[in-house]
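Working notes, beginning with the structure itself.
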Amino acid sequence: MIPFVDLKAQYLSIKEEIDRAVLDTLASTQFVLGKEVVAFEELFAAYTQSQYALGVNSGTSALHLALLACGVGPGDEVITTPHTFIATVSAIDYTGARPVFVDIDPVTFTVNPALIEAAITPRTKAIIPVHLYGQPADMDPIMAIARKHNLVVIEDAAQAHGAEYKGRRVGSIGDAGCFSFYPGKNLGAYGEGGAVTTNNPEIARTVRMLRDWGAERRYHHDLKGFNYRMEGVQGAILRVKMAYIEHWTELRRAAAARYDAMLAPLGIQTPVALPDRRHVYHIYAIRDRQRDALQTYLHDHGVSTGIHYPIPVHLQKAFADLGYRVGDFPQAELAAAEVLSLPMFPELTVDQQQVVAEALQGWMQQVAAGC
């Protein structure tokens, strides 16, 4: 079976360095925050072309704290996309603000900037574009709209480490950027982890306080904060992995290019890499009108796949109180019904991809035969 992702292969390739970093951290007894987290934050800030990077315990926490640090709270509205992982929307809900959805561009799967302005009301405080699957959202028009209406922009870059928009790294374009280091991400911890990036010193200061009980000095709590601190071991692991992130990214991009070449003759709808953006292929998502049957077929022919995401957030029971209905965001709903994620990880081999391509060829032949 071709795996959807192979975390063991990556670990084994850097095992000696990882094991040493973990053992050194254990010996230092700096289990929460500490020098390894600081070292990682400095590396990640530079990598994202940001002045500051603040390590936290998850990507969800990063979104939550970024929103709070940007002044979002009860009574506010935050515009985002319904075609995303639920954490994007849950973080808005945590602040007491109301999520407001805008449909996606069917080519990039990211929020359609042309639809944002119509969703703005006097209560709108922020926009969260999601750089989905490793594809940057169209940031110039989003930033122009935000500045015109005095709105905050918080980039959800949980799937887009190292992605670029017109030469700028995601996470450095808006007022703040939010990253996840969940194990399967392009830069993954060995547990949970996240970070907020920003070029704004006040946002950085506030996030730094909020992640650690609202204090700058121990037992002096100026804000109502949270226990969202990054663990020292995760900082150590991520610090080691920073030396490899660009190499792994280029391996992903090379694998995507091979998929493009293998699948083009089959007529399969593959991801679009736009010339002004650097797609980092956290997910290689194809589309098929018979997606569920295709997934079963691929599984039966030795290929593991994923679906990101089968139910758009506006139709999730958890957010039924927002009052959205089927048909409100047709492009997001169509993507949810058609998108299928193929195996994608840096260590993916040509032979493994050939198995995937041959299985997809068999599927297309079966469809053409009307079976």
Pairs under 3.5 angstrom only: tabulate donor-acceptor contacts from the side chains of residues 312-322 to other protein residues two or more places apart or in another chain.
| unit_1 | atom_1 | unit_2 | atom_2 | d |
| --- | --- | --- | --- | --- |
| His314 | NE2 | Glu333 | OE2 | 2.8 |
| Gln316 | NE2 | Ile311 | O | 3.1 |

Nearest-0.5 Å distance that lies between atom [atom1] in [X] and atom [atom2] in [Y]:
{"X": "Leu342", "Y": "Ile283", "atom1": "CG", "atom2": "CD1", "result": "10.0 Å"}
{"X": "Ile127", "Y": "Thr81", "atom1": "CD1", "atom2": "OG1", "result": "13.0 Å"}
{"X": "His299", "Y": "Thr296", "atom1": "NE2", "atom2": "OG1", "result": "8.5 Å"}
{"X": "Arg98", "Y": "Asp93", "atom1": "CZ", "atom2": "CG", "result": "10.5 Å"}
{"X": "Arg252", "Y": "Glu347", "atom1": "CZ", "atom2": "CD", "result": "8.0 Å"}
{"X": "Ser341", "Y": "Ile286", "atom1": "OG", "atom2": "CD1", "result": "9.0 Å"}

Compile the donor-acceptor pairs under 3.5 Å between side chains in residues 135-143 and protein atoms, sequence neighbours left out, one pair per line.
| unit_1 | atom_1 | unit_2 | atom_2 | d |
| --- | --- | --- | --- | --- |
| Gln135 | NE2 | Val272 | O | 2.8 |
| Asp138 | OD1 | Tyr165 | OH | 2.6 |
| Asp140 | OD1 | Arg168 | NH2 | 2.7 |
| Asp140 | OD2 | Lys166 | NZ | 2.9 |

[X] versus [Y]: any side-chain heavy-atom pair under 4.5 Å?
{"X": "Val233", "Y": "Tyr190", "value": "no"}
{"X": "Val153", "Y": "Pro129", "value": "yes"}
{"X": "Leu132", "Y": "Tyr309", "value": "yes"}
{"X": "Thr198", "Y": "Gln51", "value": "no"}
{"X": "Cys70", "Y": "Ile203", "value": "yes"}
{"X": "Tyr284", "Y": "Leu263", "value": "yes"}
{"X": "Gln159", "Y": "Asn186", "value": "no"}
{"X": "Trp213", "Y": "Lys224", "value": "no"}

Discussion item. Test of understanding: with salt bridge (Lys or Arg N to Asp or Glu O under 4.0 Å), list the residues that count as partners of Arg123, not counting sequence neighbours.
Written reply: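 Partners of Arg123 by the salt bridge (Lys or Arg N to Asp or Glu O under 4.0 Å) criterion come out as none, since no residue qualifies.
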
Return a table of donor-acceptor pairs under 3.5 angstrom between the side chains of residues 357-364 and protein atoms on other chains or two or more places apart.
| unit_1 | atom_1 | unit_2 | atom_2 | d |
| --- | --- | --- | --- | --- |
| Trp363 | NE1 | Asp288 | OD2 | 3.2 |

Discussion item. Please evaluate residues Arg20 and Glu17 with respect to the criterion salt bridge (Lys or Arg N to Asp or Glu O under 4.0 Å), reporting the C-alpha separation (whole Å), side-chain torsions for both, the decisive distance (0.1 Å), and the verdict.
Written reply: CA-CA 5 Å; Arg20 186 186 314 118; Glu17 290 179 80; 5.7 Å; no

Worksheet item: Is there a salt bridge (Lys or Arg N to Asp or Glu O under 4.0 Å) between Lys148 and Glu117 once you walk through the steps?
Response: CA-CA 10 Å; Lys148 176 182 176 181; Glu117 208 153 12; 2.8 Å; yes

Discussion item. Glu216 and side-chain hydrogen bond (donor to acceptor under 3.5 Å, both in side chains): which single residue from Arg205, His221, Arg208 fits?
Written reply: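 Of the listed options, the one satisfying the test is Arg205.
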
Worksheet item: Should the pair Tyr324 and Phe101 be assigned to parallel (<30°), tilted (30 to 60°) or perpendicular (>60°) ring geometry?
Response: tilted

Establish, from distance only, whether the side-chain atoms of [X] and [Y] form a donor-acceptor pair under 3.5 Å.
{"X": "Ser61", "Y": "Ser58", "result": "yes"}
{"X": "Asp19", "Y": "Tyr11", "result": "yes"}
{"X": "Thr305", "Y": "Gln295", "result": "yes"}
{"X": "His64", "Y": "Tyr228", "result": "yes"}
{"X": "Asp156", "Y": "Thr88", "result": "yes"}

Discussion item. If you apply the rule salt bridge (Lys or Arg N to Asp or Glu O under 4.0 Å), what do you find for Glu338 with Arg291, and how did you get there?
Written reply: CA-CA 5 Å; Glu338 293 183 353; Arg291 187 268 314 281; over 6 Å; no

I'd like to know if the side chain of [X] reaches the main chain of [Y], judged simply by a donor and an acceptor atom lying under 3.5 Å from each other, with no hydrogens or angles considered.
{"X": "Gln234", "Y": "Glu231", "result": "no"}
{"X": "Glu41", "Y": "Gly55", "result": "yes"}
{"X": "Ser28", "Y": "Thr25", "result": "yes"}
{"X": "Lys125", "Y": "Gly71", "result": "yes"}
{"X": "Asp76", "Y": "Gly73", "result": "yes"}
{"X": "Asp328", "Y": "Arg325", "result": "yes"}
{"X": "Asp6", "Y": "Ala9", "result": "yes"}

Practice prompt. Kindly confirm or rule out a cation-pi arrangement of Arg169 over Tyr47, judged by NZ or CZ under 6.0 Å from the six-membered ring centre and within 45° of its axis?
Written response: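 Yes, Arg169 sits over the ring of Tyr47.
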
Discussion item. Please determine whether side-chain contact (heavy atoms from CB on, under 4.5 Å) holds for the pair Val240 and Met242, giving the CA-CA distance in whole Å, both sets of side-chain angles, and the decisive distance to 0.1 Å.
Written reply: CA-CA 6 Å; Val240 169; Met242 284 301 300; over 6 Å; no

Do the two ring centres, one from [X] and one from [Y], sit under 6.0 Å apart?
{"X": "Phe329", "Y": "His83", "value": "no"}
{"X": "Phe85", "Y": "His308", "value": "no"}
{"X": "Tyr259", "Y": "Tyr281", "value": "no"}

Discussion item. Hydrophobic clustering (ILVMFWY, side-chain heavy atoms < 4.5 Å, transitive) - are Ile86 and Tyr182 grouped together?
Written reply: no

Item to complete: Using the rule that two of Ile, Leu, Val, Met, Phe, Trp, Tyr join whenever any of their side-chain heavy atoms come within less than 4.5 Å, decide whether Val5 and Leu12 are in one cluster.
Response: no

Worksheet entry | Derivation of the side-chain contact (heavy atoms from CB on, under 4.5 Å) call for Leu63 and Tyr94 | CA-CA 10 Å; Leu63 287 162; Tyr94 294 165; over 6 Å; no

Discussion item. If you count heavy atoms of other groups shown closer than 6.0 angstrom to CZ of Arg147, is the number above 12?
Written reply: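 More than 12 heavy atoms, drawn from other residues, nucleotides or ligands, come within 6.0 Å of this atom.
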
Discussion item. I'd like to know whether NE2 of His220 has more than 12 heavy-atom contacts from other residues, nucleotides or ligands below 6.0 angstrom.
Written reply: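 Correct, the count exceeds 12.
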
Response to the item:
Those residues at least two apart in sequence (or on a different chain) that pass side chain to side chain contact (heavy atoms under 4.5 Å, CB included) with Pro106 are Arg287, Gln331

Worksheet item: Testing His131, Gln49, Glu155 for side chain to side chain contact (heavy atoms under 4.5 Å, CB included) with Ile173, which one passes?
Response: Glu155

Practice prompt. Kindly indicate, with the supporting measurements, whether the criterion side-chain contact (heavy atoms from CB on, under 4.5 Å) is fulfilled by Val130 and Thr110.
Written response: CA-CA 6 Å; Val130 180; Thr110 62; over 6 Å; no

Practice prompt. Check step by step if side-chain contact (heavy atoms from CB on, under 4.5 Å) holds for Val78 and Val100.
Written response: CA-CA 6 Å; Val78 178; Val100 174; over 6 Å; no

Worksheet, complete the sentence: Residues pairing under ring pair (Phe, Tyr, Trp, His ring centres under 6.0 Å) where one sits in residues 137-162, two or more places apart or in two chains, turn out to be His161-Phe179, His161-Phe181

Discussion item. Between Lys241 and Glu246, does any side-chain N to carboxylate O distance fall below 4.0 Å?
Written reply: no

